[in-house]
Structures are given as structure tokens and as C-alpha cells.
Amino acid sequence: MKEFIINTDEIANLISSLPADKWDILAPAKDGKSFDYVLSSDKPIINSEAPPSKISFKEYFFPKSETLFYYKREANEISLTEPKFAEKKLLVLAAKPCDAASLPILSKVFNWDYKDEFFNKRVNNSVIIGLSCAYSDESCFCTSVGLDRNNTKGSDIFLTPFNDKQYVLSVVSDKGDSFVKEFLPNLTEFTGTKETKEFIDNKPFDYKKTKDWIAANFENKIWAETGEVCIGCAQCAFVCPTCHCFDIVDENCDLNCGRRIKNWDACQFGVFTKHASGHNPRNSQEKRYRQRVSHKFDYYYEKFGEVLCTGCGRCTRGCPAGIDIGEIVFSISNQ
Amino acid sequence: MPDLIEIAKGLLESKEVSFIIGYTKDRFGRVKPYIAKSVEDANNLMFDHHSIHNLAVYLTRLKIPENGRVGIVAKSCDIKAIIALIQENQIKREQVYIIGMNCSGVVTHSTDEWKKENIQIKCKYCADKAPMLYDAVAGTAEPFEQPDDTQEVLMQKLETMSSAERWDFWAKEFEKCIKCYACRQVCPMCYCEQCLAEKNQPQWITTSPTPAGNFSWNIIKAFHMAGRCVGCHECERACPMGIPLTLLTRKMGMVAGKEFNYRHGMAIDQPTLVGSYNFNDNEDFIK
Amino acid sequence: MNIYKPELVEIKDIIEETPDIRTLRLQFKNPETQKAFAFKAGQFAEYSVFGEGECTFCIASSPTRPEFLECSFKMAGKVTKAMSKLNIGDTMGLRGPYGNHFPIEDMKGKNIVFIAGGIGMAPVRCIIWNVLDLKDQFKDISIIYGARTVADLVYKNELEDWKKMAGVKTVVTVDPGGETPDWNGEVGFVPSIVEKVSPKAENTVAIICGPPIMIKFTMPVLKKLGFKDDDIITTLENRMKCGLGKCGRCNIGSVYVCKDGPVFTYTQMQQLPDEF
């Protein structure tokens, strides 16, 4: 891995020098008390110690609502048109490792057999600059799902703080390499050693053990105990970097035209699996919560060899009913 | 005064209630809703200024046995929701054993200190900090410095805006909505078995989190709260996107108060605003 | 390629099977697409009514008759209601074929028992015609079909055709109380008719599709007759949106009905968690 030293003013230069008609920049910014990824923010925050944003950046790769095609009826003829795709590239600056890692995880489901070009185009059109993380609270557990503060999974370029004014820039992917050659050609090579903070995992668990337990415990009181407290909203799924369920609906502009859209959807909604006949295989919150945990730690791992979770802890921080998925998995793993 | 755990133990031991909806602390000290089903479970119950969740939501989410009774730990603002549910015939008075808590104001996050800046605005207007309907009372209310009503400033600003400016204000706020329906799920007054937003024959509300879909959902939800919102502010707390939803419900409440002299959730035998008709009801303000 | 964009199809014919079930005969607008469209019995597709949305059902016609595609549906939800209002000549959308299929190659040289209830006949009809069109490659064929009432029987003309075919035993039944004065078929629930017909299990594959309650009570009958779990094949349905293994609603445990199914052997079904 090629490594360079980059100064904070060189980062500032990069932001101002990227041609605005060709590049959008997505970076964390502060909104009141909380952080958010903001598009073309004039005050990007490059701070390892910042907490994760309220909501992950998946919206820029898997939008909350996306047009799949337009339909138009003229006389009795129907015509379908493809949506136009933005040509602009996206630079994600200072992505948390637990956000960056979600892209290769999501790529598995969007590319097994049938390839979702909407997701793929957006990922191919982006460059992710990850930033080593120095934050942790009682909701985080990235190390338990095979990641860590300095994990470069999903990043094209990775920054590690070296001192107050400098970062070590590591080139992770070919895309990152081309980006550095094009926009940061004059960096000095780094040959020293990096020091980083150790992550304290409050709820260490073994995800392989968890998977086996879930597979063997489809019926268990843990699902009912959580299901009765869960109020059945989709906060957890929508702030999550890896949740990817969606709905497909038609929206008319008038009687003769409209578009088919893909919208975020979530397994916690009762109507999600309800048949037109009224039959519902997951007809209680208990079953729906079991589905969420099982999908993340058993089904996805079984199918794709990846845990559908990066341990970012957002679902827990925001849960209106105070449910902590990490605690559930921790207790499962320690049974 | 007997404390919460003692009361709870007694109720569960005598089987007077089948379970108690209350609060507990996890091992990191974070307060969360908890269902106590046994005398041992009762030891885990607690109440403090982090007990922000309005547990009345569980009265319609959980199955209460037809002739059974459940216990609920409730602060004054939550009791209003319980009264409202009784007024709207969703539960019967005898189905709930209310353990009313003397409350000293609540704060939003587990990490928030109990101090003026963090105490919820709704606590400022909680005229009756002592429970108003209860079967037992526990806890001690401590005096606290009242929070500033930062929302009132915004409310007044909205009043002075033209309708086009107000539209722009809400368009910007609703743009954030991701249709997670946390506002609906956390609301004790949103108990419909099938929400209007889930009906598609006909499609009343556009399901997409697009400008059209977000406007129709948030406005219709607000209208359904007219004369029904008890002001617990749970919708705004639950919203992951920080939409100031209580600006709408508070405005609705003000209109109900001004035009009909009505406040929901005050007395179990009072007919509801939308469920009763008075020939002299003012309708001049409806344009 | 946009995997969510359907091909356009034209409705060539509409058959009113029952008061609430219809069959649409569809043809691709583009003859090249029609020629290239290859599927196997048991696969399903996503059908669009533009402006209303998409819904999922099996292809009910046989791959041996490639000039048309047929689907049969019950008017239940938003899209099926909209479909029922379409006329001959109208345009719809179609994506597919998706999912796995009946193991027709492995069924060759064997006796086949088809058991269907209600609209569950649609996927079975597809494989019935497929087998009948290649009849010399199979042994004895039995078809046992039941519906609630005489009016609820689908493919009524074809049931008559099958009855007349040599080497095909066709038994049609209606639930007690569902018969008409001139009904000359059986009266009784499917499981008891299966027991009465008592097909031999040796060298036989049973294909069964119908309401869960019918499947539940027919399985013990088939077991009693000596059918092995691997030789009982069914097709499941679940709510679907994408049909592509992405949208997340049709899974039963780690099995995606849209990709790993919809066709399962009874052995496989027993390994699934009880959530369908």
C-alpha cells in the first residue's frame, strides 16, 4: 500500500480545486448537536473524534427514492424511458470506516446474479476517502463484526491522523490511486509508523457463534422479549448503512404518464410481507424483530459470507424504544 | 410514600395486574421501556429524569386481556395520553392500574444532564406535575429550573409568515423525511389497526419519501392529531431527521383551545372534540 | 441493463375462469423478444399495469407452447384489480422469467400425480401441459383437482380435454356443498379424494399446489401412500416486489422464494423455519 503525508491545507486545497461541475463533495458537517453527511458543504469536518452522523451515507448510493423508469401513454401505445443518470462524480471525504465498509457489503446483494446498475453506477462514480476513527460509545461494536478503527474496507483512500496538521494518506484501491495521481500529485511519501487509539468494545461478541445460535434458535424467548418493546418503526433500518430492503411503486404525474420508483422499505413494517389475501407470514413484531436480527447475523452471512452490520451503532442511538441490537447479539454470543 | 418497586411487587404478587409497563436501566445506565412480568422483574423498575418515553403507546400495541388489568408507570404527560385513550374508547379505565410518578421534568438523551438547557419544553407547560389520574403515586418531584421555550419564538415567527413563506419553511423540513414512520409508531394516539398510509385502494397517501409523499403524510398525520394530541412530544423525539413536528401539533392544540375551549386528555368522561357536536361550535375560523 | 424495466406485452385474449379469477393471454410487442423469451415450467414473472404497479404470479402456460404467455390471477389487491379492468389489445409490462423450475428432466420415465386446489392449479397447469405435450416420455399421469364450488373451478374446458385423454386419469372434485344439481364429478375435500384415488407411490412424482390447509392435510395422505419426501414437489408463494433477490420480503429464513424457489421438494420445505 502506497502511503503519503498530507497536510490539512492540502486537503483544503483539494476541496477548493476540484472542478465543481464535475465533482460533488460529501463530507460530515455539524447540524446543531449532531453530525450529518452534507453535500458540497462549505464547512466539512475532518475529525476522527466526531461521532457518526445521524444517518449513514447510503442515501448517496441507494437513494431513499429513485426513479427506475418513466412510462407514457399515447393513444393506446405505452413507451418506457430510462431515467437520466447524473454524470457528476462524488467524492466522499472523511467517511467513517463503519460507513465505507457498507458499500462492499451491499454490493453483494445488489450483484448476485442480477446486477443493480443504479447502485453500481453510483459506486463506480465515487471515490471514498475514509478517515480513521477515534470515537466510541456504548452503542458501537465495529470490532465484533470484523472491522476496526483503521479498517480500509470500502475506502479508496484512507486518512490516519499523524499530528495536528498532518495525516497519513494510504492508497487503498486502483480508483484511489488514479485519484491521487490526478489531484494530489505532489505528496511526499510516508515511511514512518502510525499510531492509533485502541478501540474499546463494550460488547465483544463472536459473530460466527452468533450465527450458529440464531440458526438454532428460531423459537426463543429473546424474540418475544424484544418484540414487545419494539414499536415497529423503521428508524433502525433507515439510519443503517447496510439495510437495503425496498418497495417498488408507481407514481402518476397525470392519467397518461408517471414513473416507477424504488423506495426504502423495512422489515419492521407489518404490511411489508402481507399478502393481498390478508395472510401475513410475519404477522407480529416478535417475528419482524427476529427477521431483522436473523437477516443481519445469520441469513446474509449464510448467503454472502458477510455480516449485514458494520457495528456503527446508529440503530441503537436513535431507537425510540431504547433497543440495543448490540446487547442482544452480545447476550446471544455469551449464552 | 411507598416506592415504585414496592407498589409493583405488590401488584404482581397479588396478580392484580398481569404485567407492568415501566422503565429500566441497561448496564450502561441508559433508561428504556421495560415490561415487568414477575415479582423479580419488579426489582428492575426505576424512574428518573431520563424516563422520557411515553409508555401509554404500549397500551394499544400490547394485548391487554379483555377482562384483565395491566400496570403502567406514568408521569403526568403520559397520564394525559392514558386518559385520552380511555376517552377514545381504546382502553377501559379498569384495564389499567396507573402508577403515577411525581416528575421533575425529563431530558432527551441518556447522556444529557438534568439541567435547564436539556429539560424538555413540554415540561415547562406541565401545569400539573403531580399525577392527575392514578391508582397509586410514587416518586418525589424536585424543583427544577424551567427551560426556555425556544419553540415559542419559532411559533410566533411562523404566525407572521405569509402562507407562501410557511409553505417554503415546511417544504424544507419535510424534505428531510425518510418515511420511517417513527412519529406514528411512537405516538400513543396513533393506534389505528391499519394506518391510512398503508391503504392503497384507493391510495390516499403517496408512499414515497418524495416532496409530494412527504407533504401528504406529514400534513395528514398532523390533521389527524387536531384536538387529539396530548402534547407528549414523542413524535419529535423519535424523528431521526430532526423535523420539528410538534410545531404542527402544538398549533393544532392551540386552535382547539382557542376556538373550542378544549384540551384532550383532561377527564375520562369528557366527550372528545371530534367525537361531539355542539350547535354553537365556532366555525368562522375555518377557511 | 436496467433489471427493473419490463418488456411490453399485449393482451391477446381474456378468459373469465371464475367470478374472481381471470386468465390473460399475452404476447410480447416485440416479436424478437417473444422468440427469445425462454422459460421453464414453474418459473414466475412480474406483471405491470403502468400507473398501478407490479404483481407476481407464475407463468400458467407451458414452455412447449411458446407463441403466447398466459397468467391466471385472482382479483385481490390493487394491481390485480387494475388488471381485471384491462381489455384485449391493452398493453402491460412483463419482467422475467424468475426463480427455479419443476425438475422436469428428472421426472421423465416416471408416473406423475398432479394435485391442485383452487387457483393453485395455475402453476400446475403449466407443468401439466408441458408433460402432456411430451407424453411419450412419461408414464401414467393422474390429475386431481378441487375447488370450493363448481363455479370456482378454473380451466374448465381443459379439465374436459384431460378427462378424454388416454393414459391420463383426471378426477375433479368440489367441497361438500359446492356441487350443482348436474355436477357429475366428485364431492369432497382434496385430501380425501387423493386417498380415494390412491395413486401408487412407486416410481411416481407428486406435484402439489393449493391453499396451505389443503397441503397440510394432503401430505399425511401422500406419506401413507408411500411417497418419499423428495418425490413430493410443491411451489410456494410469498409477497414479492423485485423478484430478483434484493428487496428483502420473500425470504423464509435464508431461503429467498424468488431465487431459491418457488419450487421446493417436501424435504426442503421441512427444513424451512415455520414462517410462511
Side-chain angles (χ1 to χ4, degrees), chain A residues 68-69 71-73 76-83 109-119 215 218-219 237 243-252 255-258 260 262 265-267 271-282 287 290-291 294-295 298-303, chain C residues 1-8 10 29 46 48-56 73-82 87 89-93 95 98 119 211-212 237-260 272-276:
Chain A
L68 298 171
F69 59 86
Y71 48 83
K72 197 173 174 187
R73 191 178 289 110
N76 202 26
E77 287 301 311
I78 287 175
S79 56
L80 308 181
T81 344
E82 298 273 348
V109 69
F110 282 126
N111 287 291
W112 69 308
D113 199 347
Y114 302 99
K115 305 210 175 333
D116 187 310
E117 63 164 9
F118 296 90
F119 176 80
F218 194 72
E219 303 295 339
C243 271
H244 56 266
C245 290
F246 59 84
D247 192 9
I248 298 177
V249 295
D250 283 10
E251 242 179 55
N252 292 327
L255 278 176
N256 292 312
C257 73
R260 183 157 294 163
K262 186 163 100 175
D265 206 344
C267 59
V271 289
F272 187 65
T273 48
K274 196 172 168 187
H275 295 196
S277 65
H279 171 68
N280 193 349
R282 296 201 276 268
K287 291 178 186 169
R290 174 177 65 197
Q291 161 68 17
S294 305
H295 190 199
D298 176 13
Y299 309 156
Y300 204 82
Y301 188 59
E302 168 95 31
K303 258 201 147 56
Chain C
M1 200 194 77
N2 185 342
I3 52 173
Y4 302 101
K5 200 173 97 179
E7 294 290 340
L8 298 178
E10 187 180 323
K29 292 268 217 184
E46 293 289 337
S48 303
V49 180
F50 298 103
E52 299 290 342
E54 279 185 313
C55 60
T56 317
F73 63 93
K74 194 171 192 155
M75 291 166 241
K78 185 185 176 191
V79 182
T80 47
K81 279 187 185 151
N87 298 310
D90 283 349
T91 302
M92 288 178 55
R95 290 194 285 130
Y98 297 134
I119 182 104
E237 60 166 18
N238 234 352
R239 179 105 191 254
M240 288 179 198
K241 284 283 181 176
C242 70
L244 307 160
K246 310 204 186 300
C247 78
R249 37 173 84 47
C250 73
N251 71 299
I252 305 169
S254 59
V255 167
Y256 280 67
V257 174
C258 70
K259 290 261 301 153
D260 307 310
L272 296 176
D274 185 19
E275 200 178 66
F276 53 92

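The analysis underlying the following values was restricted to heavy atoms, covering all of them including side chains, and did not include hydrogens, waters or symmetry mates. Here is how names work: the chains are called A, B, and so on, in the same order as the sequence lines, proteins then strands, and each is numbered from 1. Remember, it's a predicted structure, so these values are computed and weren't measured experimentally.
With respect to chain C, the highest number of heavy-atom pairs below 4.5 Å among Pro281(A), Ser294(A), Cys257(A) belongs to Pro281(A). Across Glu219(A), Glu302(A), Lys115(A), the residue that shares the most heavy-atom pairs under 4.5 angstrom with chain C is Lys115(A). Chosen from Ile252(C), Val255(C), Asp274(C), Asn238(C), the residue pairing most often with chain A at heavy-atom distances under 4.5 Å is Asn238(C). Ranked by heavy-atom pairs under 4.5 Å with chain A, the first of Gly245(C), Gly93(C), Cys247(C) is Cys247(C).
Using a 4.0 Å cut-off between a side-chain N of Lys or Arg and a carboxylate O of Asp or Glu, Lys303(A) and Asp260(C) qualify as a salt bridge. The pair Asp265(A)-Lys241(C) does not count as a salt bridge, with every side-chain nitrogen at least 4.0 angstrom from each carboxylate oxygen.
For chain C, no part of Glu251(A) is nearby; none of its heavy atoms comes within less than 4.5 Å. Only the side chain of Asn252(A) comes within contact range of chain C, with at least one heavy atom under 4.5 Å from a heavy atom of that chain. Contacts between Met240(C) and chain A at a heavy-atom distance below 4.5 Å are absent for every atom of the residue. Looking at Cys250(C), neither its backbone nor its side chain comes within 4.5 Å of chain A, counting heavy atoms on both sides. At a 4.5 Å heavy-atom cutoff, the contact between Phe110(A) and chain C is made by backbone and side-chain atoms alike. For Pro6(C), the parts lying under 4.5 angstrom from a heavy atom of chain A are both the backbone and the side chain. Heavy atoms of Phe246(A) lying under 4.5 Å from chain C belong to its backbone as well as its side chain. For a residue to count as touching a neighbouring chain, one of its non-hydrogen atoms must lie under 4.5 Å from one of that chain's; by this rule Thr80(C) does not touch chain A. For Lys259(C), the part sitting under 4.5 Å from any heavy atom of chain A is the side chain, from C-beta outward, and nothing else. Interface remark: Lys78(C) contributes no atoms to any contact with chain A (heavy atom separation under 4.5 Å). Heavy atoms of Thr273(A) lying under 4.5 Å from chain C belong to its backbone as well as its side chain. Neither the backbone nor the side chain of Tyr301(A) comes within contact range of chain C; no heavy atoms are under 4.5 Å apart.
Distance alone, capped at 3.5 Å, is enough to place a donor-acceptor pair between the Lys246(C) side chain and the Val109(A) backbone. Between the side chain of Arg239(C) and the main chain of Val271(A), a donor-acceptor pair closer than 3.5 Å is present.
Under the 30°/60° scheme for interplanar angles, the aromatic rings of Phe50(C) and Phe69(A) are found to stand perpendicular. The aromatic rings of Tyr114(A) and Tyr98(C) lie perpendicular to each other, with more than 60° between the two planes, well past the 30° mark.
How far CG of Leu68(A) is from CD of Glu54(C): 8.5 Å, rounded to the nearest 0.5 Å. How far NE2 of His275(A) is from CD of Glu237(C): 6.0 Å, rounded to the nearest 0.5 Å. For the atom pair Ile78(A) CD1 and Leu8(C) CG, the distance stands at 7.0 Å (nearest 0.5 Å). Here NZ of Lys5(C) is found 12.0 Å from CZ of Arg260(A). Values are rounded to the nearest 0.5 Å. Interatomic distance, CD of Glu275(C) versus CD of Gln291(A), reported as 6.5 Å (0.5 Å rounding).
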Exercise for the section: Applying side chain to side chain contact (heavy atoms under 4.5 Å, CB included), run through Lys262(A) and Tyr4(C) and close with a yes or a no. Expected result: CA-CA 9 Å; Lys262(A) 186 163 100 175; Tyr4(C) 302 101; 3.5 Å; yes
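Between Tyr71(A) and Gly51(C) the shortest heavy-atom distance is OH-CA, 3.2 Å. Asp250(A) approaches Val49(C) most closely through the heavy-atom pair OD2-O, 3.4 Å. The two residues Gly77(C) and Ala276(A) come nearest to each other via the heavy atoms N-CB, 3.8 Å.
Checked against side-chain contact (heavy atoms from CB on, under 4.5 Å), Glu117(A) has the following partners two or more places apart in sequence or in another chain: Glu82(A), Lys121(A), Asn2(C). With sequence neighbours left out, His279(A) forms a side chain to side chain donor-acceptor pair (under 3.5 Å) with no residue at all.
The environment of Lys29(C) atom NZ is dense: over 12 non-hydrogen atoms of other residues, nucleotides or ligands sit within 6.0 angstrom.
Using a 4.5 Å heavy-atom threshold, the side chains of His295(A) and Asn251(C) count as separate.
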